[in-house]
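Take a look at the structure below.
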Amino acid sequence: MKEETYRLNCFVENRPGVLARIVGLISGRGYNIQTLNVGPTEDGTVSRMRIDVLGTRRVVEQIILQLRNQVNVIEVVSRRL
Amino acid sequence: MAYGKGRSGAQALVESLERAGTEVLFGYPGGNVADIFDRIPSARFRFVLGRHEQGCVHMADGYARATGRPGVAIVTSGPGLTNTVTALGAAYMDGIPLILVSGQVPLSQIGTDAFQEADTTGITRAVSKHNFLVQSADEIPETVAQAFYIATHGKPGPVVIDIPRNCQEEITRSAYPERISLRAYHPESTATSRDMNRLARLINDARRPVLYAGGGTIAAGAARDVAALSRKASIPVATTLTGIGGDGAADGAHTLGLAGMHGSPAANRAIAEADLLIALGVRFNDRITGKVSQYARKAKIVHVDCDPSSIGKNVPVDLGIVADVKDVLTTVFSRVKAADRTEWLEKIRSWRESGRIAEKPSASGAISPRELMEAIDRRTKGDAIVATDVGQHQIWAAQMLSHRRSRHFLTSGGMGAMGFGIPAAIGAAIAFGGEKRVVAILGDGGAQMTAQELAVAAEEKLPIAFVVVNNRSLGMVRQMQDVFFAGNRAATVFKGKYLPDFRKLASAYGIRSRRVERADKLAAAVGAALSARGPFLLEVMVDPEANVEPMVFR
């Protein structure tokens, strides 16, 4: 399967440690994050992380499912770039 | 409850653990948990002092595997916490609910390389389901409630609560929450009635179905439901290592035993020939599948698991159902037609016959692993809780003992953590208040990794038979070297025959012991070990050349 860039928009609870957890989940599997952008949303208790990652569809789907399993992750929306 | 004058964070922690249902706390003290330990003697739960933090967490793990209730442990900061990493990993890989409280340096000192400081949340991230770094005493009750919820909902797992010392000292009025609110964590079933109908139809249409039960079946308390479906629709059942007992001991004609690398030929052939594989609470780990492209090629695969990320992770599936295994089985049961499948069961019976391995008696006349396991089985009749370490003895115990009930075979499957056996047996024995016989089946390698915990068995007078299956070697790796490295037995054979002298080791802890070297003395020795009132160590000198068979590799 060929590798493509996917953009993951993660809405997460705005707490210390959440960014490290998410980045660790991706990098711990040997995948390189190409772009990472973290910012506030209108709701101050929620942050948005925009993560571009290169991988096969299968791997990225797996990453998304594991991100959704995280206790502080509210939602993950993805699209292929 | 109102806390007018408030109480310390340490006291709030102890009360919260009580509220969450803690019966036993396993742990080891230290400077940064001193405030909490000061409150422990007046707590309503029992405290058990381990001898190493790895042992404490394996004990909590053994308690959880034997009871289904979360195990709870406490350790100090820095080295106390880092010592738990292996044990956390073992619980994490096998989905065992567990709470670990760790002390931390005061918030003001975090990041200063203070004495006994470690980045606990960083270190435990990869070996826990979730972790918390508490920021104030006020957070403690709610954090404990959330930790228990997370540990026991969805796929179970260990949760770490790191509490800085100043938060233990601070006064707080916050109460244990009546309801748990987690904004983002709502593990839920996405199964629909259509999924259930599809599963029932697949079963009704299948000619060669196989049920395949993993640790998730046990976590869901569904062993009896597996057995019921198996009987009604005449579907044979295979299990994973951690799923042993999860088949509800179906019944003779339907039991395939262990699948995978060291599985029974009948189980592996049945999966290879199946036209429908119903996988319940499994992960399709590489020890099970071998080469994925060759796995269950003729079968439609249905995967039922509470963890959505597990479905389709290792093996592509035809039908994935994210749901509690028990819920699915009870729903599907009435929609499945009773069937005989005589042809299929007859085929399996013939594989079982032809797959029976002819035991060759050892050249030296030494005790064979099978003789030992059969001697144990005759005494326990499958009623004792068996905890194993990791290695050849673990697989022999899995293959050769009879397994009649779930939560009676405690083993580190995913992590394969040597040193698990002794403390896990202790945790299980404590869970049953010394009322239930526990057998720890150990290798001479792993027994030396957590031998210090024998002190706990002696202190608590636990009815545990520690059986050291002594082959004077690290047998599983030695066997691998014989097969794959042209017999180059590098660093796997111990030099002395009685090094250590396990009888002297037992006696150092005040534990009675015996050593057997001949098969004709085996029955009496096993009898003594299994009828002792307190702990007993039985060292069995087995044939050092004995191998685990079969071994399937692709």
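Here is how names work: the chains are called A, B, and so on, in the same order as the sequence lines, proteins then strands, and each is numbered from 1. Quick note: numbers below take in every heavy atom, side chains included, and nothing from hydrogens, waters or symmetry partners.
- Of the two parts of B/Gln146, neither the backbone nor the side chain holds a non-hydrogen atom closer than 4.5 Å to a non-hydrogen atom of chain A.
- More than 12 heavy atoms of other residues, nucleotides or ligands lie within 6.0 Å of CZ in B/Arg183, so this atom counts as buried by the packing criterion.
- Both the backbone and the side chain of B/Asn131 come within less than 4.5 Å of a heavy atom of chain A.
- Interface check for chain A: of the options B/Ser310, B/Gly122, B/Pro308, the most heavy-atom pairs under 4.5 Å are formed by B/Pro308.
- Residues A/Asn69 and B/Lys129 have side chains not in contact (no heavy-atom distance under 4.5 Å, counting atoms from C-beta outward).
- The closest side-chain heavy-atom distance from B/His130 to A/Arg21 is below 4.5 Å.
- Contact residues of residues 41-54 of chain A toward chain B are A/Asp43, A/Thr45, A/Val46 (heavy-atom distance under 4.5 Å).
- Summarising the local packing, OH of A/Tyr31 is surrounded by 12 or fewer heavy atoms from other residues, nucleotides or ligands at distances under 6.0 Å.
- Within the 4.5 angstrom heavy-atom criterion, only side-chain atoms of A/Glu13, from C-beta onward, approach chain B.
- Looking at A/Arg15, there are no atoms closer than 4.5 Å to chain B (heavy atoms on both sides), in backbone or side chain.
- Your options are B/Leu182, B/Ile150, B/Ile311, and the one with the most heavy-atom pairs under 4.5 Å with chain A is B/Ile150.
- Considering all non-hydrogen atoms of both residues, B/Gly312 and A/Arg58 come closest at O-NH2, 3.5 Å.
- At distances below 3.5 Å, not a single donor-acceptor pair connects side-chain atoms of A/Arg68 with backbone N or O atoms of B/Ser309.
- Proximity to chain B at a heavy-atom threshold of 4.5 Å picks out A/Val71, A/Asn72, A/Val73, A/Ile74 from residues 71-81 of chain A, in numerical order.
- Within the 4.5 Å cutoff, side-chain heavy atoms of A/Gln66 are placed close to those of B/Lys313.
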